[in-house]
Amino acid sequence: MKLEWKRQEKEIYGVNTKPCIIDVPVQKYIIISGSGNPNGEIFSDKVAALFSVAYKIKMAYKSLAEKNCEITDYSVYPLEGLWNKASEKESLVKEELQYRIMIRQPDFITKQMFVNVLEEVKSKKDNPYLTDISFETVCDGKCIQVLHKGAFDDEAVSFELMNAYCLEHGYKRMGKEHREIYLNNANRTEKANLKTILRYKVTDIGK
């Protein structure tokens, strides 16, 4: 059987344009941290490093999976990013953004599998950011999320919907960081057709 995150994890990725509350479990990721404008070459090279490792892990698992394994293949998960502003300025200065970009890994992928694959990729690819990739577990817990359709620069409209939902239903935001999950490739998709899950951590008011 092939693990298809779009079909089998709809509670996490099958989001619509109406905000909803979700409890996100512990998940495994390969991650690179950084700062600066996401439209620059450095960010692009870091994304390329992540995907080169993610696809190599997939192929390594597929080649080793036994015929009697329940899952013998899987679809590579989408790129995600945790974003924060380095300053308290109300206006967004992209050069001051701090981020952790990542690609989720299935539960059956181990850190040792990642280490083995990373060494192989480093020996074949000339990307300086491969050495910055780490394998970590992350638990977002209780969050609000919504599907944003359109350009990244227009995300403020969707965040306003999320904030209003929290106010109406008795939730408050935790911290200033937010997560973005990119459901299509920004380099191959018209801005109006981009689909991005926006998510941030919340708690019940009074807690």
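Only this structure's heavy atoms are used, side chains among them; waters, hydrogens and symmetry mates stay out. The first residue of the sequence shown is numbered 1, and numbering continues consecutively from there.
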**OP:** Give the minimum heavy-atom separation between Ala151 and Leu194, together with the two atoms involved.
**Re:** CA-CD1, 4.4 Å

Subject >> N/O donor-acceptor pair under 3.5 Å between Glu180 side chain and His178 backbone >> reply: no

Original post:
Would Asp154 and Lys191 pass as an ion pair if we require N to O under 4.0 Å?
Top reply: no

Original post:
Taking the side chain as C-beta and beyond, is there a heavy-atom pair between Tyr77 and Gln27 under 4.5 Å?
Top reply: no

Original post:
NZ/Lys149 to CG/Asn16 distance, rounded to the nearest 0.5 angstrom?
Top reply: 8.5 Å

**OP:** Please report the closest heavy-atom contact between Tyr200 and Cys166, naming both atoms and the distance.
**Re:** OH-SG, 3.7 Å

**OP:** Applying ring-ring contact (aromatic ring centres under 6.0 Å, His included), name anything that partners Tyr165, two or more places apart in sequence or on another chain.
**Re:** His169

Subject >> Over 12 foreign heavy atoms within 6.0 Å of NZ, Lys195 >> reply: no

Subject >> Pairwise distance CG(Leu79) to CD1(Ile101) - rounded to 0.5 angstrom >> reply: 6.0 Å

**OP:** State which residues pass side-chain contact (heavy atoms from CB on, under 4.5 Å) with Val26; sequence neighbours excluded, sorted by chain then number.
**Re:** Thr137, Cys139

Original post:
side chain to side chain contact (heavy atoms under 4.5 Å, CB included) between Phe43 and Asn37: does it pass, once the steps are laid out?
Top reply: CA-CA 7 Å; Phe43 184 84; Asn37 194 324; over 6 Å; no

Subject >> Straight-line distance of Asn185 CG to Phe51 CZ, nearest 0.5 Å >> reply: 7.5 Å

**OP:** List the steps, then state whether side chain to side chain contact (heavy atoms under 4.5 Å, CB included) holds for Val47 with Tyr129.
**Re:** CA-CA 9 Å; Val47 171; Tyr129 302 109; over 6 Å; no

Original post:
How many angstroms lie between atom CZ of Phe108 and atom CG of Leu3, to the nearest 0.5 angstrom?
Top reply: 5.5 Å

Subject >> Exam field: side chain Asn127 to backbone Asp45, donor-acceptor pair closer than 3.5 Å >> reply: yes

Original post:
So which heavy atom on Ala54 is nearest to which on Gln105, and how close?
Top reply: CB-NE2, 4.3 Å

**OP:** Look up atom CG in Asn84 and atom CD in Glu96, then write down how far apart they are to the nearest 0.5 Å.
**Re:** 12.0 Å

**OP:** Just do the side chain to side chain contact (heavy atoms under 4.5 Å, CB included) check on Met113 and Leu64 with the steps written out, would you?
**Re:** CA-CA 11 Å; Met113 295 168 69; Leu64 293 174; 5.9 Å; no

Original post:
Checking Tyr74 side chain against Lys58 main chain: does a donor-acceptor pair fall under 3.5 Å?
Top reply: yes

Subject >> Main-chain N/O of Asp107 paired with Lys28 side-chain donor or acceptor, under 3.5 Å >> reply: yes

Subject >> Of Glu120, Gln112, Glu119, the residue whose pairing with Asn116 passes side-chain hydrogen bond (donor to acceptor under 3.5 Å, both in side chains) >> reply: Gln112

**OP:** Drop me the distance from Ser52's OG to Leu130's CG, to the nearest 0.5 angstrom.
**Re:** 5.0 Å

**OP:** Evaluate side chain to side chain contact (heavy atoms under 4.5 Å, CB included) for Met1 paired with Gln8, printing each intermediate quantity in order.
**Re:** CA-CA 12 Å; Met1 182 181 75; Gln8 294 159 268; 4.0 Å; yes

Original post:
Are Tyr99 and Tyr29 connected in a single hydrophobic cluster, I mean Ile/Leu/Val/Met/Phe/Trp/Tyr linked by side-chain heavy atoms less than 4.5 Å apart?
Top reply: no

Subject >> Nearest atoms (heavy-atom pairs only) where Pro19 meets Val146 >> reply: N-CG2, 3.7 Å

**OP:** For Lys2, look at atom NZ and say whether over 12 heavy atoms of other residues, nucleotides or ligands are found less than 6.0 Å away.
**Re:** yes

Original post:
Between Arg104 and Glu9, does at least one N-O distance fall below 4.0 Å, as a salt bridge requires?
Top reply: yes

**OP:** Can you sort out the partners of Met59 under side-chain contact (heavy atoms from CB on, under 4.5 Å), two or more places apart, ordered by chain and number?
**Re:** none

Subject >> Student check: side-chain heavy atoms of Asp153 and Lys94 closer than 4.5 Å >> reply: yes

**OP:** Look at atom CD of Glu95 and say whether more than 12 heavy atoms of other residues, nucleotides or ligands are closer to it than 6.0 Å.
**Re:** yes

Original post:
Does CD1 in Ile21 sit with more than 12 non-hydrogen atoms of other residues, nucleotides or ligands closer than 6.0 Å?
Top reply: yes

Original post:
Quick one: does Ile133's side chain get under 4.5 Å of Lys122's, heavy atoms only?
Top reply: no

Subject >> Heavy-atom pair of closest approach, residues Asp140 and Val138 >> reply: OD1-CG1, 3.7 Å

**OP:** For residues Asp73 and Tyr61, report the shortest heavy-atom separation together with the two atoms involved.
**Re:** N-CE2, 4.2 Å

Original post:
When hydrophobic residues are tied together by side-chain contacts of less than 4.5 Å, even through go-betweens, does Tyr13 share a cluster with Val15?
Top reply: yes

